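Throughout, a chain's letter reflects where its sequence line sits, starting with A, and its residues are numbered from 1. What you are looking at is a predicted structure, and each value in this text was computed from that prediction instead of being measured.
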2 protein chains.
Amino acid sequence: MVTILDVARQVGVSKATVSNVLNSKGRVSEATKKAVFKAIEELDYRPNVLAQSLSKQVSDTIGLLIPSGYHTSRYITRLIDMTQELANKAGKFLMITQVDGNDIELGIQSIRKLIDRRCDGIIYYKSSHIEEIDIQNKLETLIEELPVPLVVLNYNLPNKPDYCVWFDHVAIAQLAVVNLIERGHKKIAYISGQQHMHTSRARLQGYQDAMKKAGLELNSRLIAGGSDSHYQGGYDACKKLIKRELDFSAICCYSDAMAIGALKALKENGISVPEDVSIFGLDNDYVGDFMDPPISSIDVPVDDIISIAGKLLLEHMQNKLPTSKSNSLTGQLVHRKSVKDIID
Amino acid sequence: MVTILDVARQVGVSKATVSNVLNSKGRVSEATKKAVFKAIEELDYRPNVLAQSLSKQVSDTIGLLIPSGYHTSRYITRLIDMTQELANKAGKFLMITQVDGNDIELGIQSIRKLIDRRCDGIIYYKSSHIEEIDIQNKLETLIEELPVPLVVLNYNLPNKPDYCVWFDHVAIAQLAVVNLIERGHKKIAYISGQQHMHTSRARLQGYQDAMKKAGLELNSRLIAGGSDSHYQGGYDACKKLIKRELDFSAICCYSDAMAIGALKALKENGISVPEDVSIFGLDNDYVGDFMDPPISSIDVPVDDIISIAGKLLLEHMQNKLPTSKSNSLTGQLVHRKSVKDIID
DNA sequence: CTGAAAGCGCTTACAG
DNA sequence: CTGAAAGCGCTTACAG
């Protein structure tokens with residue numbers, strides 16, 4: 001490939017001069033500038049970014065680490081879109097890499113690899129699947145030790161409040177259940193995601209908290225899970241609930257996807273929604289609005305969490321004090337036809 | 001940060017020796033090896049990959065370029081998952097970056113940026129949205145000029161058959177329409193995606209070809225599009241079709257997403273599926289199976305196209321002759337309840 | 001078995 | 001206004 005030396009030779013100047021015009025540094029006469037640009041054009045010269053970064057000791061690169069296996073989540077694609085845009089605006093190169101979401105050690109290894117390539121800052125989306133001992137401590141220590149800022153998405157680090165943004169999934173599920181209760185429901189079932197997921201456990205707890213606070217019966221047989229945390233799992237779980245022949249007027253589901261599966265199971269069993277049973281999803285997936293009936297849900301501010309993370313990272317990179325205060329986000333009710341009021 | 005020199009000094013050897021033990025090159029006594037590893041551990045030394053790449057003149061890095069704005073597609077997440085796995089297995093670092101899918105010039109710029117960082121090979125997923133003059137020529141020329149192999153996904157480059165893999169969307173749509181015809185349908189409507197998309201135009205053409213071949217009437221009023229190529233667009237388009245008060249027994253849709261929107265519109269108008277009208281989607285999105293009724297579709301071999309692309313890239317990188325012959329893929333019928341047979 | 005030296009492609013004071 | 005030299009952190013023949 002053509003190097004800066006080739007350009008310098010073609011023009012008859014030194015590398016330093018070529019470098020200076022490239023970086024508009026120092027004083028260079030208009031004539032040589034022109035000649036240099038001409039040669040660059042002719043030779044189709046492009047600087048080797050690796051060499052530049054090594055020499056300058058900055059890479060102007062942001063690293064983004066995403067978890068694998070999120071085929072169904074809009075979070076990740078949105079995260080990529082928004083972070084790329086942020087990087088473009090800040091004049092940084094975005095280097096995205098993916099890591100198995102189930103293993104925190106692999107995650108830390110990947111973060112280190114990003115550092116080895118001299119990223120100036122890193123955003124790490126922590127998969128809900130990870131739940132190992134001491135993970136909080138590991139991440140907090142990592143943030144201390146790393147030579148560049150690391151912002152963690154989707155996890156609470158109490159000792160590093162300026163380095164994380166997360167959803168309060170307990171509150172998100174509560175929102176749905178409280179709404180059901182306010183509308184007269186007392187016998188509320190819950191379809192749960194798989195319990196190895198942090199998000200899943202938090203949402204289940206939100207359901208339980210809301211029931212307790214309202215003084216309603218907490219029957220573990222009103223809670224069911226399925227083979228996965230998606231359509232099929234919702235379908236499975238709902239069939240279980242139906243088989244148990246319990247009395248319930250509403251189901252809150254771990255996600256819209258599970259709610260869609262549940263809806264199918266209910267229909268197959270001749271149970272009308274919302275006439276016989278009301279359904280609530282969580283996440284406000286776009287498709288929920290196109291179900292029959294459309295599914296009520298809690299909208300989760302995905303864009304907000306990402307833009308806050310981006311803002312935090314840039315502030316740290318510029319050694320500014322972070323301006324963001326609330327790094328814990330909840331959601332917003334979205335009413336659709338899958339829930340009916342119960343009047344005694 | 002700690003450098004190789006720090007390690008060398010701590011052990012009392014030269015940088016060359018440290019480098020040799022790190023790369024297990026040359027003969028180094030066990031004793032110094034041990035001492036070096038100990039120092040590396042103690043100092044938490046990690047080689048600067050930028051410096052390594054510059055010196056070695058290889059980076060062991062693969063670049064993956066994805067389009068933005070694919071919030072709804074499972075292709076992209078799958079592409080990331082599979083390419084990452086491929087890179088891991090090949091011992092390469094995967095550097096993913098994203099670019100506005102609408103502009104081929106931006107795409108080429110991003111490819112160049114990847115080269116500037118010395119990627120040893122690049123996979124470029126060409127968005128269907130791009131459709132500019134001369135794009136085929138631009139990409140073919142780029143492949144010629146680039147110092148490393150570039151494989152293009154989702155686009156046909158007739159003069160570079162070993163550097164591209166794509167879906168034959170004409171054939172994919174034909175498959176659905178031919179199946180409807182075989183099952184007795186004659187009046188078949190089509191809900192189209194937005195025509196600025198290459199995929200969208202190809203699928204529409206597949207519908208038209210199939211109708212023509214069967215000697216069926218091609219009525220342009222049986223074709224409708226919507227505000228987007230997704231749920232809402234399908235809903236809009238179907239409402240248009242209904243308003244036109246034409247006689248049709250089936251609708252083939254550009255995608256499952258549009259089919260889901262269409263289903264909603266039909267239901268709202270008291271039209272039963274499949275009793276009154278049959279519906280066909282394309283893509284075989286997972287959610288289609290959870291509709292009421294489940295939607296027939298054409299499964300598109302996403303995984304295949306990606307693994308072929310990966311194989312091609314690695315073969316080029318190793319200067320092997322590509323073994324893959326068929327770089328054009330079609331789909332497979334998936335029968336569900338949204339289509340009924342018509343018996344005269 | 002080990003080290004001095006040159007080199008990868010760039011930038012950056014500094015001297016002229 | 002321009003260039004020689006040193007340096008970024010590593011690797012790689014080569015000499016000893």
Side-chain angles (χ1 to χ4, degrees), chain A residues 1-37 39-40 43-61 93 112-120 147-148, chain B residues 1-37 39-40 43-61 93 112-120 147-148:
Chain A
M1 299 198 75
V2 17
T3 72
I4 199 171
L5 192 58
D6 298 318
V7 177
R9 275 206 266 260
Q10 166 129 346
V11 183
V13 293
S14 72
K15 296 184 299 175
T17 300
V18 176
S19 176
N20 276 332
V21 349
L22 234 37
N23 300 294
S24 20
K25 272 192 181 170
R27 345 242 106 244
V28 184
S29 75
E30 279 307 315
T32 49
K33 259 188 203 168
K34 280 234 168 69
V36 168
F37 282 128
I40 286 173
L43 298 171
D44 194 22
Y45 165 70
R46 308 205 109 225
N48 181 330
V49 174
L50 266 34
Q52 283 183 318
S53 299
L54 184 62
S55 180
K56 284 191 186 168
Q57 294 285 75
V58 279
S59 68
D60 281 330
T61 300
F93 182 85
R112 288 230 145 88
K113 281 189 191 170
L114 252 13
I115 303 279
D116 293 343
R117 287 169 186 268
R118 294 299 178 269
C119 284
D120 300 327
V148 300
Chain B
M1 299 198 73
V2 19
T3 72
I4 199 171
L5 191 59
D6 298 320
V7 177
R9 274 208 267 259
Q10 165 130 347
V11 183
V13 293
S14 73
K15 295 183 300 174
T17 300
V18 176
S19 175
N20 276 333
V21 348
L22 235 37
N23 300 294
S24 20
K25 272 191 182 170
R27 348 239 106 246
V28 184
S29 75
E30 279 307 315
T32 49
K33 258 188 206 168
K34 280 233 169 69
V36 167
F37 281 128
I40 286 173
L43 299 171
D44 193 24
Y45 166 70
R46 309 204 106 226
N48 181 330
V49 174
L50 265 33
Q52 282 183 319
S53 299
L54 185 62
S55 180
K56 284 192 186 168
Q57 294 285 76
V58 279
S59 69
D60 282 328
T61 300
F93 181 86
R112 288 229 146 89
K113 282 189 191 170
L114 252 13
I115 304 279
D116 294 343
R117 287 169 186 268
R118 293 300 178 270
C119 284
D120 300 327
V148 300

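For D:dG3, one of the phosphate oxygens OP1 or OP2 lies less than 4.0 angstrom from a side-chain nitrogen or oxygen of A:Thr17.
Interatomic distance, CG of B:Leu22 versus CZ of B:Phe37, reported as 7.0 Å (0.5 Å rounding). Taking CE of B:Met1 as the reference point, atom CG of B:Leu43 lies at 12.0 Å (rounded to 0.5 Å).
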State the dot-bracket string of DNA chain C. Criteria: Watson-Crick or G-U wobble, both atom distances under 3.5 angstrom; notation: ( ) intrastrand, [ ] crossing earlier pairs, | interstrand, . unpaired. |||.||||||||.|||

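The side chain to side chain donor-acceptor pair (under 3.5 Å) analysis of residues 45-56 of chain A, with sequence neighbours excluded, yields the pairs A:Arg46-B:Asp116. Applying the side chain to side chain donor-acceptor pair (under 3.5 Å) test to pairs two or more places apart or on separate chains, those with a residue in residues 9-21 of chain B are B:Gln10-B:Glu42, B:Ser14-B:Thr17, B:Ser19-B:Asn23.
Pairing each heavy atom of A:Cys119 with each of A:Ser59, the nearest pair is CA-OG, 4.0 Å. Closest non-hydrogen pair, A:Val36 versus A:Val7, comes out as O-CG1, 4.3 Å.
Using a 4.0 Å heavy-atom cutoff across all strands shown, B:Thr32 reaches sugar-phosphate atoms only and no base atom.
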Summarise protein proximity over nucleotides 5-16 of chain C in one line of letters, 5' to 3': B for base, S for sugar-phosphate only, - for none, counting protein heavy atoms closer than 4.0 Å. --BBBBBB----

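Scored by the side chain to side chain donor-acceptor pair (under 3.5 Å) test, B:Arg117 finds A:Thr61 as partners (sequence neighbours excluded). Scanning for salt bridge (charged side-chain N to carboxylate O under 4.0 Å, His left out) contacts around A:Lys33 gives A:Glu30, with sequence neighbours left out.
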